[in-house]
Amino acid sequence: MIRRDFLKTIGAAAAGAAVGLPAAASGISRDAGFNDADGDSLNDMTLPIRSLRPQVDRQVSVIVIGAGSRGNVYARYAAAWPDAVKVVGVSDIRELRCRKMADAHGVPAEHRFGDWSEVFKVPKFADAVVISTPDDLHYAPCMKALSMGYDVLLEKPVAQTEKECRDILAQAHKYDRIVAVCHVLRYAPYFIALREMVRSGAIGELVSIQHFEPIQYAHMAHSYVRGNWRDSKQTTPIILAKSCHDLDIIRWIVDAPCKSIVADGSLHLFKSSNAPEGAPLKCTDGCPHESSCPYSAIDIYTKQKRHLNVFDLDGSRDPDVIMQRLLTPPYDSYARCVYHCDNDQPDHYVSEMVFAGGQTASFSMEAFAPSGGRRTRIMGTMGYIEGDGSTFTLWDFKTRTPKVWNKKVSEIPEYRDSGHGGGDHALARDFVEAVAAHDPSKLSSTIDVSIESHVMGFAAERSRRSGRKEKV
């Protein structure tokens, strides 16, 4: 399929997915003979939400390699359930981050490390390692950890190339170790309930899925234009760096291997040819357009106060302190004009998948959206589901009565600190249980399945660059 024909065939589906209206606003009840009531509840028809307390008969010890934002997510889980899991080692090349996490967990001086390689120069002293380093530093520490007998909680994406992903899979099997990839959406109650509703047969036979991920315009500027994931060659293509969650969720719901994928997309806005006249290299250099630019670093960080974790502020939200960080290396990289960065990641991306049972899926990732929050539409022979990341509605074609799942996960006390709709700490719980029992089946996704959805991502990127459909 050439690129022109691909765009024609996927355009309508991608546009439909991009609309992503919450179920109550879609007009289906009025337009298709369904009842206009708010709908019966599905909350008691799906799996109950599990406690985040791990069910273990011993304390699991972990080393956190990478004490940044994601590393702190899992360290906080250990702090919440200290009888079940304990941080006994910390590694980070930024001494402040290493010291802060190590002090919080009482880590002795001999188990505080700079570069990740220092961890493995001493004999094995924990059950598992958490690898929450940048994308280009996943492969080497994971391979070394497995060879030394550690189980691994590995931030996504697994590695930078398909070969490296397959190497990690082989290494896990060779040493009989557990590797849990942080596909946290699988562990979020919303997505668990969504999948269970499909598996229950409530919509008959699954036929197709439309899935949409809005990145949010400021998040795009922060992470994929100025930030750590701006260069696909140094990290991973954005379909993996941002959206391997989404490919995994689609594969998980379909529950069949992907046979082929075709994709397109490009970097439309964030390049030097689009820079306003007179725009300097940094927003802090007196840019004449700063006050009217939605991507202004000064606005995003000092006024909106988004994404402040990268500045090592130690809790401060004082705009003067933030501005000082924007003027000081290495933090000043976040002050760069979005039109003068060394970025190459697409800011819009569409793909279409065909699965072994004939099911199809379309996926759209878009930077230009006012907010995040995934949208999903699932079409079956007997019904239809539409969800917005926290609530979904089922339409049964026979009864014509909508039913709604809208459990307030954030109102459950132990879930309040867990991001990704509760998935962050639910994953940590299952990983601790799997390590304690040496049983990977306690995980929603084994390393084998995680690698499969990564292969889908690498195939999508090959398709985007070549304009051809790729077999998976």
Would you say the side chain of [Y] lies within less than 4.5 Å of the side chain of [X], judging by non-hydrogen atoms?
X: Trp81; Y: Arg53; result: yes
X: Ser445; Y: Leu443; result: no
X: Tyr384; Y: Thr393; result: no
X: Arg199; Y: Ile253; result: no
X: Val73; Y: Tyr77; result: no
X: Met143; Y: Ile168; result: yes
X: Tyr334; Y: Val310; result: yes

Which residues share a side-chain contact (heavy atoms from CB on, under 4.5 Å) with [X], sequence neighbours left out:
X: Phe270; answer: Met220, Val225, Leu267, Tyr295, Val338, Asn343, Asp347, Phe368
X: Ala170; answer: none
X: Lys144; answer: Trp116, Phe120, Ser147, Met148
X: Ala460; answer: Ile239, Ile261, Ala263, Tyr349

On a heavy-atom basis, which atom in [X] and which in [Y] lie closest, and how many Å separate them?
X: Val129; Y: Ala145; result: CG2-CB, 3.7 Å
X: Ser266; Y: Arg464; result: CA-NH1, 4.1 Å
X: Ala221; Y: Ile300; result: CB-CD1, 4.4 Å
X: Ile131; Y: Pro141; result: CD1-C, 3.7 Å
X: Ala75; Y: Met101; result: CB-CE, 3.9 Å
X: Ala279; Y: Cys337; result: CB-SG, 4.5 Å

Checking Arg50 now: which residues fulfil salt bridge (Lys or Arg N to Asp or Glu O under 4.0 Å) with it, not counting sequence neighbours?
Asp430, Glu433

Neighbour count >12 (heavy atoms, 6.0 Å) for atom NE2, His438
yes

Is it true that, when you exclude Lys163 itself, more than 12 heavy atoms of the residues, nucleotides or ligands shown sit nearer than 6.0 Å to its NZ?
no

What is the distance from atom [atom1] of [X] to atom [atom2] of [Y], rounded to the nearest 0.5 Å?
X: Cys142; Y: Glu164; atom1: SG; atom2: CD; answer: 10.5 Å
X: Phe431; Y: Tyr187; atom1: CZ; atom2: OH; answer: 10.0 Å
X: Ser260; Y: Arg468; atom1: OG; atom2: CZ; answer: 14.0 Å
X: Leu185; Y: Arg195; atom1: CG; atom2: CZ; answer: 13.5 Å
X: Gln359; Y: Ile378; atom1: CD; atom2: CD1; answer: 12.0 Å
X: Thr235; Y: Gln345; atom1: OG1; atom2: CD; answer: 5.0 Å

Tell me the salt bridge (Lys or Arg N to Asp or Glu O under 4.0 Å) pairs involving residues 406-426, sequence neighbours left out?
Arg70-Asp424

What salt bridge (Lys or Arg N to Asp or Glu O under 4.0 Å) pairs are there with at least one residue in residues 212-236, not counting sequence neighbours?
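Residue pairs passing salt bridge (Lys or Arg N to Asp or Glu O under 4.0 Å), neighbours aside: Glu213-Lys242, Glu213-Arg374, Arg230-Asp342, Asp231-Lys233, Lys233-Asp344.
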
Looking only at atom types and distance, does a side-chain atom of [X] sit under 3.5 Å from a main-chain N or O of [Y], one as donor and one as acceptor?
X: Asp92; Y: Ala67; value: yes
X: Glu470; Y: Val262; value: no
X: Ser463; Y: Ala459; value: no
X: Asp151; Y: Ile178; value: yes
X: Ser132; Y: Gly66; value: yes
X: Asp396; Y: Thr399; value: yes
X: Ser453; Y: Ser450; value: yes
X: Asp439; Y: Ala434; value: no
X: Arg375; Y: Phe212; value: no
X: Ser243; Y: Asp246; value: no

Go through the structure and list residues passing ring-ring contact (aromatic ring centres under 6.0 Å, His included) with [X], not counting sequence neighbours.
X: His348; value: none
X: His420; value: His245
X: Tyr339; value: none

When you compare the side chains of His454 and Asp248, does any donor N or O come within less than 3.5 Å of an acceptor on the partner?
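Result is no, nothing qualifies.
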
May I have the list of side-chain donor-acceptor pairs in residues 200-209 shorter than 3.5 Å, sequence neighbours left out?
{"residue": "Ser200", "atom": "OG", "partner": "Met197", "partner atom": "O", "Å": "2.7"}
{"residue": "Ser200", "atom": "OG", "partner": "Ala202", "partner atom": "N", "Å": "3.3"}

For residues Tyr415 and His425, establish whether the separation of their ring centroids is below 6.0 Å.
no

Ring centre gap for Tyr301 and Phe311 strictly below 6.0 Å
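Centroid distance Tyr301-Phe311: below 6.0 Å, so yes.
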
Stepwise side chain to side chain contact (heavy atoms under 4.5 Å, CB included) check, Trp405 with Ser41:
CA-CA 6 Å; Trp405 188 95; Ser41 175; over 6 Å; no

Show your reasoning for whether side chain to side chain contact (heavy atoms under 4.5 Å, CB included) applies to Met365 and Ile215.
CA-CA 7 Å; Met365 180 218 78; Ile215 294 181; 3.7 Å; yes

Residue pair Val62, Tyr74: steps toward the side chain to side chain contact (heavy atoms under 4.5 Å, CB included) verdict
CA-CA 10 Å; Val62 301; Tyr74 303 113; over 6 Å; no

Residue pair Cys182, Leu153: steps toward the side chain to side chain contact (heavy atoms under 4.5 Å, CB included) verdict:
CA-CA 7 Å; Cys182 296; Leu153 180 63; 3.8 Å; yes

Sequence neighbours left out, what pairs pass side-chain hydrogen bond (donor to acceptor under 3.5 Å, both in side chains) with at least one residue falling in residues 133-142?
Asp135-Trp229, Asp135-Thr236, Tyr139-Asp167

Among Lys259, Arg251, Arg166, find the one that has a salt bridge (charged side-chain N to carboxylate O under 4.0 Å, His left out) with Glu452.
Arg251

